[in-house]
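Here is the structure we will look at, set down as structure tokens.
Predicted model, so just to flag it, every value in this text is computed and none were measured. Whatever order the structure lists ligands and atoms in, that order sets their numbers, starting from 1.
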Amino acid sequence: MRSIVLSIVCALAMTFAAQAQKFENLAMTPPMGWNSWNTFACDISEKTVKDMADLFVELGLDKCGYEYIVIDDGWMLRERDKDGNLVPDPAKFPNGMKAVADYVHSKGLKFGIYNCAGSQTCGGYPGGRGHEYQDARLYASYGIDYLKYDWCNTGKMYAPEAYKTMRDALYTAGRPVVFSLCEWGDNQPWEWGAEIGHLWRTTGDIYCCYDCEYVVNKGQPNQWSAWGVWKILRMRQDIRKYAGPGHWNDPDMLEVGNCMTAAEDRSHFALWALSAAPLILGNDLRKANKETIETIKNTEVIAIDQDKLGIQGYEYKMQDSVSIWVKPLENNEWAVGFVNTSLSEKEINFDFKQNVITDDLSGKSLDATKNEYVFRDLFRHENLKNTTKKPVVAKIPSHDILMLRLSVKTK
Ligand code: GLA
């Protein structure tokens with residue numbers, strides 16, 4: 001009798017495991033939120049998380065679409081407990097993690113956490129390897145809505161299987177979670193990630209600068225580089241076809257408000273929107289100045305990112321150091337960004353009639369020889385008098401962007 005019961009239990013367990021999948025109908029537009037890493041690294045606490053959740057509401061970021069508050073590496077003790085459970089560091093999270101999740105939820109927001117597929121996180125805390133189902137149950141008991149899963153200390157592990165194991169564990173734990181794969185594009189996650197997670201990092205880490213490379217551990221075997229926004233964005237221009245509702249290319253979290261000029265921050269934010277990238281803030285919202293708030297709350301630019309078609313934009317051409325980015329939108333609208341990548345002001349003169357733009361991926365075309373389009377300037381928040389009947393002529397300061405939304409003129 002006992003063995004019959006056991007066989008039935010085993011059969012049921014196997015059926016359930018075989019049915020495990022990623023949680024569908026999540027991240028149907030690129031996820032928006034805040035993550036602790038870019039500003040705080042491992043120096044995080046309950047107080048910081050609560051302050052950010054408060055500010056999401058006070059600043060009205062929640063109304064702009066920001067939803068997830070995610071804590072990154074450094075939230076736990078260096079060792080698991082005697083039962084193998086992860087333990088939140090009581091010095092940083094004195095009331096445990098459920099209390100933090102409850103607080104974030106009480107603000108109408110969602111809560112995310114971090115771990116790593118390897119034996120240890122990049123910061124040297126216990127990784128998930130071999131504990132996936134146990135950890136997934138723990139996260140579900142906290143009330144976690146988002147998991148960022150890193151790729152340090154993975155030795156010879158096979159990325160698609162490692163991430164699939166965690167995906168199945170999350171699914172089995174039963175609480176819907178946005179699953180963010182953070183393996184830096186090393187194993188082409190765009191080719192296998194859509195079945196497993198909702199977003200995947202496409203590159204190494206971002207570094208707060210416009211166009212630099214920051215070398216870490218220079219000259220040592222573990223040397224790696226972090227990249228400025230302009231570099232990171234152009235690094236993987238060949239994979240836009242893999243992005244779409246529920247599965248996004250992730251060029252890493254935002255550095256808006258962290259070190260760059262207001263013009264660079266505008267370009268950074270708008271380029272992420274043109275790329276249908278996740279908009280995960282990485283600044284200390286308590287210290288954000290007026291220009292930073294204006295940029296991150298620019299709902300007209302956010303709407304480009306969150307367009308329901310979910311088509312990742314691309315660089316159409318570079319013209320005299322001005323990089324022209326385009327993104328097809330719903331209702332035959334288009335977003336177009338003119339980014340001045342040079343160190344001096346540039347005057348652009350761009351004739352849409354001479355530049356019929358056809359996106360091979362979506363089959364959409366911005367054809368000003370057939371339609372007349374009107375322009376809206378998404379940073380000035382005004383409709384322009386000009387239409388595609390005449391060229392766009394504008395002066396763009398160094399590293400700034402002219403960001404337009406084009407709609408077919410109605411009679
Ligand atoms: C890696 C990730 C970062 C961050 C750190 C934490 O470098 O790419 O985004 O999560 O680990 O240690």
Side-chain angles (χ1 to χ4, degrees), residues 30-31 33-45 48-49 52 68-78 86 88-89 92 111-129 135 139 144 146-155 157 159 162-163 166 177-190 193 197-209 213-218 220-229 231-233 235-236 248-256 258-259 268 272 277-284:
W34 178 90
N35 174 298
S36 51
W37 183 254
N38 284 356
T39 295
F40 297 96
C42 292
D43 187 16
I44 44 177
S45 67
T48 306
V49 176
M52 296 310 143
Y68 294 94
I69 304 264
V70 182
I71 45 172
D72 209 284
D73 205 354
W75 61 268
M76 47 185 138
L77 288 180
R78 296 269 173 199
L86 298 168
D89 183 340
K92 296 174 179 171
F111 187 49
I113 212 165
Y114 161 101
N115 206 332
C116 179
S119 54
Q120 288 195 328
T121 71
C122 303
Y125 296 87
R129 185 173 184 178
D135 290 351
Y139 302 150
I144 295 300
Y146 185 112
L147 177 67
K148 173 175 168 184
Y149 216 51
D150 218 334
W151 190 242
C152 277
N153 304 302
T154 44
M157 285 168 74
Y163 282 97
M166 194 61 209
V177 169
V178 169
F179 192 27
S180 157
L181 319 185
C182 177
E183 65 73 81
W184 321 307
D186 287 1
N187 300 276
Q188 294 74 45
W190 42 89
H198 302 90
L199 59 159
W200 49 79
R201 282 275 298 279
T202 53
T203 68
D205 286 6
I206 197 165
Y207 187 74
C208 192
C209 65
E213 175 180 354
Y214 178 70
V215 182
V216 186
N217 303 326
K218 199 169 188 171
Q220 290 166 38
N222 57 348
Q223 174 176 321
W224 58 281
S225 288
W227 311 96
V229 300
K231 282 216 167 32
I232 228 168
L233 196 73
M235 226 167 241
R236 306 276 192 191
W248 306 100
N249 286 317
D250 173 12
D252 207 358
M253 304 170 294
L254 295 163
E255 293 281 13
V256 175
N258 281 348
C259 76
H268 173 24
W272 260 235
L279 296 180
I280 308 291
L281 304 169
N283 59 322
D284 186 346

Side chain, backbone, both or neither: the part of Asp150 lying under 4.0 Å from ligand 1 by heavy atom
side chain
Under a 4.0 Å heavy-atom limit, does Cys182 contact ligand 1 with its side chain, its backbone, both, or neither?
side chain
Does any N/O atom on [X] come nearer than 3.5 Å to any N/O atom on ligand 1?
X: Trp37; result: no
X: Asp205; result: yes
X: Arg201; result: yes

Of all the atoms in ligand 1, which lie at a distance below 4.0 Å from a heavy atom belonging to Trp184?
2 (C), 8 (O)
Under 4.0 Å to a heavy atom of Cys122 - the qualifying atoms of ligand 1, by number:
1 (C), 11 (O), 12 (O)
Donor-acceptor contact below 3.5 Å, side chain [X] vs main chain [Y]:
X: Glu183; Y: Gly185; answer: yes
X: Asn217; Y: Asn222; answer: yes
X: Lys148; Y: Asn35; answer: no

Can you check side-chain hydrogen bond (donor to acceptor under 3.5 Å, both in side chains) on Trp200 and Asn249, steps first, answer last?
CA-CA 6 Å; Trp200 49 79; Asn249 286 317; 2.7 Å; yes
Relative to the ring of Tyr149, is the ring of Tyr163 parallel (under 30°), tilted (30 to 60°) or perpendicular (over 60°)?
perpendicular
Checking side-chain hydrogen bond (donor to acceptor under 3.5 Å, both in side chains) for the pair Tyr125/Asp89: CA distance, chi angles, key distance, verdict?
CA-CA 11 Å; Tyr125 296 87; Asp89 183 340; 5.9 Å; no
Write out the residue and atom name of the closest protein heavy atom to atom 12 (O) of ligand 1, then the distance separating them to 0.1 Å.
Asp73 OD2, 2.8 Å
For atom 9 (O) of ligand 1, which protein heavy atom lies nearest, and how many Å away is it?
Lys148 NZ, 2.7 Å
State, with a plain yes or no, whether a side-chain heavy atom of Asp205 is found less than 4.5 Å away from one of Trp184.
yes
Any heavy atom of Asp72 sitting closer than 4.0 Å to ligand 1?
yes
